[in-house]
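What follows is a short report on a single structure.
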Amino acid sequence: MMAETGRVKLYHWEPNANSGKPMLTLFEKGVAFDSHYLDLLAFDQHQPAYLAVNPLGTIPAMTHGDRVLTESTAMMEYVDDAFAGPRLMPADPVDAWRVRWWMKFMDQWLAPSFSMIGWSVFVGPSVRQRDPAELDAAIERIPMPERRVAWRKAISGAFSEEEMTESRRRVASGIGLLEQALAQREWLGSDAYSLADINGFNLAYALPLSQPQLSNDTLTPNIMRWLRAIYARPATRACWALGRTDMARRVTILEGAAA
């Protein structure tokens with residue numbers, strides 16, 4: 001654990017996906033932080049004030065004293081190492097490998113597919129009704145060209161059927177792998193709650209709502225047990241209380257008890 005070098009400021013959107021990962025880690029570690037909410041749907045992340053913090057205009061970002069940290073999974077590991085509190089990375093090297101394996105799988109293989117589906121059904125329609133000229137100007141302010149392409153595709157509904165089919169295939173495959181792993185142990189990466197569970201929850205919390213035909217108490221009882229156990233944690237409840245949109249309220253589907 002390194003010495004603290006100042007107060008933490010977290011720049012984030014809703015407490016899910018990438019923003020939720022360092023946010024929930026901070027709550028689990030008991031680290032006080034200043035919350036700076038950025039409305040992704042209003043393109044707050046591309047305004048000059050935030051670009052002065054993170055010139056790439058991606059969310060989330062965190063400052064700790066004079067340090068500026070980006071990339072949500074790396075931020076999780078930084079928080080775990082930098083502060084006192086319960087360790088969220090196992091000491092056992094095999095368990096630590098498994099935690100990192102799951103985080104890499106989530107970030108590079110499964111999350112992009114969840115993101116594509118989410119952008120097509122939520123993000124795009126949420127901003128599509130704005131003035132076209134304002135939208136075009138906002139997109140042109142995005143620093144990263146690949147993000148400009150993604151925003152345009154989401155707003156216009158231009159994800160191809162091949163892209164959507166592959167995303168749905170990956171989601172179904174990922175659900176199968178999660179259910180299999182959680183049948184072997186209580187938590188995803190080891191026998192203790194870890195960063196892998198925080199990472200996975202922020203991606204998969206709404207599975208029974210978004211993919212009810214693939215994830216439910218009958219087909220995936222272990223996933224449902226796991227999601228409910230994380231949702232019941234005080235840190236999770238405190239974290240999700242920072243949500244401001246209907247997206248954050250989707251987590252309440254986990255309040256239902258198993259049949």
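Just the heavy atoms: all of them, side chains too, but no hydrogens, waters or symmetry mates, feed the values below. As the structure is a prediction and not an experimental result, all values here were calculated from the model.
- A salt bridge between R87 and D81 is present, with a side-chain N of the basic residue lying under 4.0 Å from a carboxylate O of the acidic one.
- No donor-acceptor pair closer than 3.5 Å links the side chain of T63 to the backbone N or O of G65.
- Scanning all heavy atoms of the two residues, the minimum distance from Y78 to H64 falls at OH-ND1, 2.6 Å.
- In this structure, W97 and W101 have tilted ring planes: the angle between them lies in the 30° to 60° band.
- Under 4.0 Å is where a charged nitrogen must lie from a carboxylate oxygen, and between D246 and R249 at least one such pair does.
- A distance of 11.0 Å separates CD in Q211 from OG1 in T220, rounded to the nearest 0.5 Å.
- None of E163, R169, E161, E162 except one satisfies the side-chain hydrogen bond (donor to acceptor under 3.5 Å, both in side chains) rule with T165; the exception is E161.
- The CG atom of L69 sits 14.0 Å away from the CE atom of M76 when rounded to the nearest 0.5 Å.
- The aromatic rings of Y231 and F201 lie parallel to each other, with less than 30° between the two planes, well short of the 60° mark.
- Using a cut-off of 4.0 Å between Lys/Arg side-chain N and Asp/Glu carboxylate O, K21 and D107 are scored as salt-bridged.
- In this structure, R141 forms no cation-pi arrangement with F43, as its terminal cationic atom is not both closer than 6.0 Å to the ring centre and no more than 45° off the ring axis.
- With Y37 as the aromatic partner, R244 meets the cation-pi criteria of under 6.0 angstrom to the ring centre and within 45 degrees of the ring axis.
- Side-chain polar atoms of N16 and Y205 form a donor-acceptor pair below 3.5 angstrom.
- Panel note: side chain K9, backbone F33; no donor-acceptor pair is recorded below 3.5 Å.
- Salt-bridge annotation for E255 and R228: absent, with no side-chain N of the basic residue lying under 4.0 Å from a carboxylate O of the acidic one.
- No hydrogens or angles considered: nothing links the side chains of N199 and W102 as a donor-acceptor pair under 3.5 Å.
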